[in-house]
Amino acid sequence: MLANTMLTSISGRTLIVTGASKGIGKGIARVFASKGARVLLAARELAQADKTAEEIRTDGGVASTVAADVANPEDCKRVAETAVVRYGGIDIVCCNAGIFPAARLGEMSAADWDQVLNVNLKGTFLTVNSCLAALKERGRGRIIVTSSITGPITGYPGWSHYGASKAGQLGFMRTAAIELAPHNITVNALLPGNILTEGVEALGAEYIARMTSAIPQKRLGSVHDVAYAALFLASDEAAFITGQTIVVDGGQVLPESHMALEDL
Ligand code: NAP
């Protein structure tokens with residue numbers, strides 16, 4: 001008799017999600033916790049993350065927080081150690097922390113470039129590296145990287161450093177997927193389009209309205225749209241999928257020109 005659920009339960013598995021105080025990371029934390037995962041939320045500022053962890057616990061879930069800057073190797077080590085001490089190991093790692101300040105090429109400083117690459121790309125490597133020993137010990141693991149359509153598929157003025165960091169995450173992912181395959185650890189990436197998060201809200205109402213008109217589904221994504229894609233990649237059923245990407249964008253990358261949307 002088949003169980004009446006879509007996917008095998010992830011109940012009791014431990015998830016680390018970086019950048020979990022807001023936006024997509026918070027959405028991932030909430031969705032995984034609602035499915036019974038034990039969630040460690042990492043972010044630099046803990047006030048918001050603590051609030052989310054408290055909400056999860058109020059709803060009957062298991063969650064706690066740890067302060068960490070993913071660009072700092074010592075912080076990343078502490079995140080992994082905290083998960084092992086509090087929850088006895090690590091099953092799933094969502095490398096989600098990211099920043100997207102804009103700067104056109106002529107105005108972009110070396111420091112601007114380093115900041116974005118350090119958080120988005122080096123932060124992904126450091127997070128994975130710190131969790132490796134614990135993931136290997138389990139004999140099974142999931143690493144899910146939040147990349148973007150920007151960089152791997154598209155471009156946008158002001159985000160050359162951001163696009164490079166997000167495309168770089170995919171280069172990292174593909175070799176990591178090969179290296180970790182013998183350990184039964186899969187490494188995959190999500191490529192969100194425009195998702196309504198605190199970070200995107202800060203880009204302003206005009207950006208959001210214009211972007212909405214460029215998306216065939218005529219809405220920005222929700223953090224749950226991304227979180228459920230992550231949940232699938234974390235499932236037992238996705239065990240044979242590694243080194244791959246899932247675009248979560250309401251069709252944003254599909255139109256071959258603005259005419260394709262105007263002709264709808
Ligand atoms: P957001 O609303 O601005 O939230 C970003 C999160 O990352 C916050 O929790 C922030 O908390 C944390 N963070 C930032 N720098 C960090 C650092 N150095 N160390 C640890 N945590 C850090 O962003 P979002 O829109 O949810 O984006 C999350 C991820 O999705 C990013 O990787 C972004 O590139 C990607 N993405 C987003 C969209 C979108 O439309 N929203 C589209 C494509 C890809 P603290 O500031 O407290 O550290």
Side-chain angles (χ1 to χ4, degrees), residues 16-31 39-53 65-79 93-102 114-127 130 144-156 158-159 161-170 172-173 189-204 207-208 210-212 214-215 219-227 229-230 245-250 252-253:
I16 289 175
V17 54
T18 65
S21 62
K22 289 187 272 183
I24 292 171
K26 178 177 170 180
I28 291 172
R30 293 210 60 136
V31 165
V39 182
L40 182 62
L41 297 89
R44 289 168 306 178
E45 301 292 329
L46 281 192
Q48 277 298 323
D50 281 339
K51 217 171 129 218
T52 304
T65 62
V66 58
D69 179 345
V70 294
N72 181 324
E74 296 310 315
D75 284 12
C76 291
K77 275 189 205 137
R78 204 179 55 252
V79 172
V93 180
C94 287
C95 303
N96 171 80
I99 54 172
F100 34 92
D114 285 347
Q115 186 200 17
V116 170
L117 271 288
N118 279 342
V119 175
N120 296 0
L121 185 54
K122 193 167 98 182
T124 299
F125 153 67
L126 290 174
T127 302
S130 305
I144 300 160
V145 175
T146 311
S147 173
S148 175
I149 59 169
T150 311
I153 303 177
T154 64
Y156 198 92
W159 279 334
H161 49 0
Y162 177 77
S165 74
K166 294 287 149 180
Q169 284 179 310
L170 300 192
F172 168 79
M173 171 195 75
L190 299 171
L191 276 56
N194 277 268
I195 309 298
L196 200 52
T197 63
E198 288 87 335
V200 166
E201 271 170 17
L203 300 175
Y207 172 89
I208 290 172
R210 290 176 63 205
M211 198 47 88
T212 302
I215 300 170
R219 69 172 176 92
L220 265 62
S222 75
V223 295
H224 289 111
D225 291 321
V226 183
T245 57
I246 298 181
V247 174
V248 185
D249 76 340
Q252 187 179 332
V253 299

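In what follows, every heavy atom counts, from backbone to side chain, and hydrogens, waters and symmetry copies are set aside. Whatever order the structure lists them in is the order used to number ligands and atoms, beginning at 1. Note that the coordinates shown come from a computational prediction; the quantities given were computed from them, not determined experimentally.
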So how far is it from [X] [atom1] to [Y] [atom2], rounded to the nearest 0.5 Å?
X    : Y    : atom1 : atom2 : result
L203 : F100 : CG    : CZ    : 6.0 Å
R210 : N194 : CZ    : CG    : 12.0 Å
I149 : L190 : CD1   : CG    : 13.0 Å

Matching residue for S222 among D225, V226, L220 - test: side-chain contact (heavy atoms from CB on, under 4.5 Å):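 Going through the options one by one, the only one that passes is D225.
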
Closest non-hydrogen atom pair, N120 against G98: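 Answer, listing the atom of N120 first, then G98: OD1-CA, 3.2 Å.
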
Which atom of T127 lies closest to which atom of T18, heavy atoms considered: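 Reported closest heavy-atom pair: CG2-CG2, 3.9 Å.
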
Amino acids contacting ligand 1, non-hydrogen cut-off under 4.0 Å: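 Ligand 1 is contacted, at a heavy-atom distance under 4.0 Å, by G19, A20, S21, K22, G23, I24, A43, R44, E45, A68, D69, V70, N96, A97, G98, I99, F100, V119, T146, S147, S148, Y162, K166, P192, G193, N194, I195, T197, E198, G199, V200.
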
